[in-house]
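Heads up: numbering here begins at 1 and tracks the sequence. Atoms considered below: every heavy atom in the structure, side chains included; atoms not considered: hydrogens, waters and symmetry mates.
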Amino acid sequence: MTTAEPGVPAAGRRDSRTRSPVWLRAEPTRTRRKLPLTRERIVGAAVDLLDEHGAEGMTMRSLAQRLDVTATALYWHVKTKEDVLDLAVDEIFGDVPVPDVSDDWQEDVRVLVRAWRGAMLRHPWAPGLIGRPMLGPNVLARTEFLQSALLRGGCRGLPLAVATRMLANYVIGASLTEATWHRTADPRARAAARDHIAANAATYPTLDVSGHLDDTRWDDDVLFEEGLTGILRTAAQAGLPE
């Protein structure tokens, strides 16, 4: 997907496959404004726009307007919209506290993952963006904590990589599903879906008996916690000595 816009300097139109990650480039110190336009100001405005309009609704032009600068001024600090999105994702990861290390590695993982889910739900545009390598300091610090907790649980090598991926995919997927539903669905839609299953119980007997899509049986928090427990149980078993 091309993110550069018409009129963007050539440096801003570089192929994203060849550009170096934003985290590996120093922020230029040059400024032409009395009120400095900094990366911090850009990211803060970007998060606000993303919260209001989502990733598709945020453009470099709208970001420049929010900051009351020209689009060209932005390109002294960020090269593409992809840079802005990467920075914004890392910014909201900063809202996820890094827990104190306890003697219960599973509880440490729970505390981190719960807060991670909370940040995703507060910023529903974020889960859909976490599909590429993230090198931001906030993301890396929390991933470091996650893996160190799993390591204390006995996961090493392949089991450590698998457990990390299972937890990351779980919280991202759960948050994406919940955020999308809460943002777009009519409150009556799930009830109608449940009624449809009940009315066709002969075709969907397992779904009917299991209470699929029945919010009155288990809410999202309960389902999330139970799923997390299952993943941690698997990780603990993988960490047992052979």
According to a hydrophobic-cluster definition based on side-chain heavy atoms being under 4.5 Å apart (Ile, Leu, Val, Met, Phe, Trp, Tyr only), do [X] and [Y] belong together?
{"X": "Leu160", "Y": "Leu140", "answer": "no"}
{"X": "Trp105", "Y": "Leu151", "answer": "no"}
{"X": "Val96", "Y": "Leu176", "answer": "no"}

Distance check, rounded to the nearest 0.5 Å: [X] atom [atom1] versus [Y] atom [atom2]?
{"X": "Ser62", "Y": "Lys81", "atom1": "OG", "atom2": "NZ", "result": "8.0 Å"}
{"X": "Ile197", "Y": "His212", "atom1": "CD1", "atom2": "NE2", "result": "5.0 Å"}
{"X": "Asp90", "Y": "Leu135", "atom1": "CG", "atom2": "CG", "result": "9.5 Å"}
{"X": "Leu232", "Y": "Gln237", "atom1": "CG", "atom2": "CD", "result": "11.5 Å"}
{"X": "Arg61", "Y": "Thr70", "atom1": "CZ", "atom2": "OG1", "result": "12.0 Å"}
{"X": "Leu85", "Y": "Glu91", "atom1": "CG", "atom2": "CD", "result": "13.5 Å"}

So does [Y] get a backbone contact from the side chain of [X], meaning a donor-acceptor N/O pair under 3.5 Å?
{"X": "Ser175", "Y": "Val171", "answer": "yes"}
{"X": "Ser210", "Y": "Leu207", "answer": "yes"}
{"X": "Arg142", "Y": "Pro137", "answer": "no"}
{"X": "Asn138", "Y": "Phe93", "answer": "no"}

I want to check something: taking the side chain as every heavy atom from C-beta on, are [X] and [Y] in contact at a cut-off of under 4.5 Å?
{"X": "Leu37", "Y": "Leu74", "value": "yes"}
{"X": "His123", "Y": "Asp95", "value": "yes"}
{"X": "Val89", "Y": "Trp125", "value": "yes"}
{"X": "Met58", "Y": "Glu52", "value": "no"}
{"X": "Glu226", "Y": "Leu223", "value": "no"}
{"X": "Ile92", "Y": "Met120", "value": "yes"}
{"X": "Val111", "Y": "Asp100", "value": "no"}
{"X": "Ile42", "Y": "Leu87", "value": "no"}

Determine the minimum heavy-atom distance between [X] and [Y], stating which atoms define it.
{"X": "Gln106", "Y": "Ala236", "answer": "NE2-CB, 3.9 Å"}
{"X": "Pro127", "Y": "Pro124", "answer": "CD-O, 3.4 Å"}
{"X": "Ala55", "Y": "Leu129", "answer": "CB-CD2, 4.2 Å"}
{"X": "Ala71", "Y": "Tyr75", "answer": "O-CD1, 3.0 Å"}
{"X": "Pro99", "Y": "Pro97", "answer": "CD-O, 3.3 Å"}
{"X": "Ala163", "Y": "Ala235", "answer": "CB-CB, 4.1 Å"}

Would Val43 and Thr38 count as a side chain to side chain contact (heavy atoms under 4.5 Å, CB included) here? Give the steps. CA-CA 9 Å; Val43 174; Thr38 63; over 6 Å; no

Identify whether NZ of Lys or CZ of Arg in Arg117 sits under 6.0 Å from the centre of the six-membered ring of Phe224 and within 45° of that ring's axis.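 Here Arg117 passes the 6.0 Å and 45° test against Phe224.
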
Would you call [X] and [Y] a salt bridge, using N to O less than 4.0 angstrom?
{"X": "Arg194", "Y": "Asp208", "answer": "yes"}
{"X": "Arg114", "Y": "Glu107", "answer": "yes"}
{"X": "Asp108", "Y": "Arg152", "answer": "yes"}

> Can Thr164 and Leu146 be said to form a side chain to side chain contact (heavy atoms under 4.5 Å, CB included), step by step?
Replying inline: CA-CA 7 Å; Thr164 301; Leu146 175 63; 4.2 Å; yes

_Test side chain to side chain contact (heavy atoms under 4.5 Å, CB included) applied to Thr229 and Arg110, step by step_ = CA-CA 9 Å; Thr229 295; Arg110 286 183 184 278; 2.7 Å; yes

For the CZ atom on Phe145, are there more than 12 heavy atoms of other groups (residues, nucleotides or ligands in this structure) within a distance under 6.0 Å?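 Yes, enclosed.
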
Before you tell me yes or no, could you show the steps for Met60 and Val78 under side chain to side chain contact (heavy atoms under 4.5 Å, CB included), namely the whole-Å CA-CA distance, both residues' side-chain angles and the distance that decides it to 0.1 Å? CA-CA 10 Å; Met60 296 298 275; Val78 289; 3.8 Å; yes

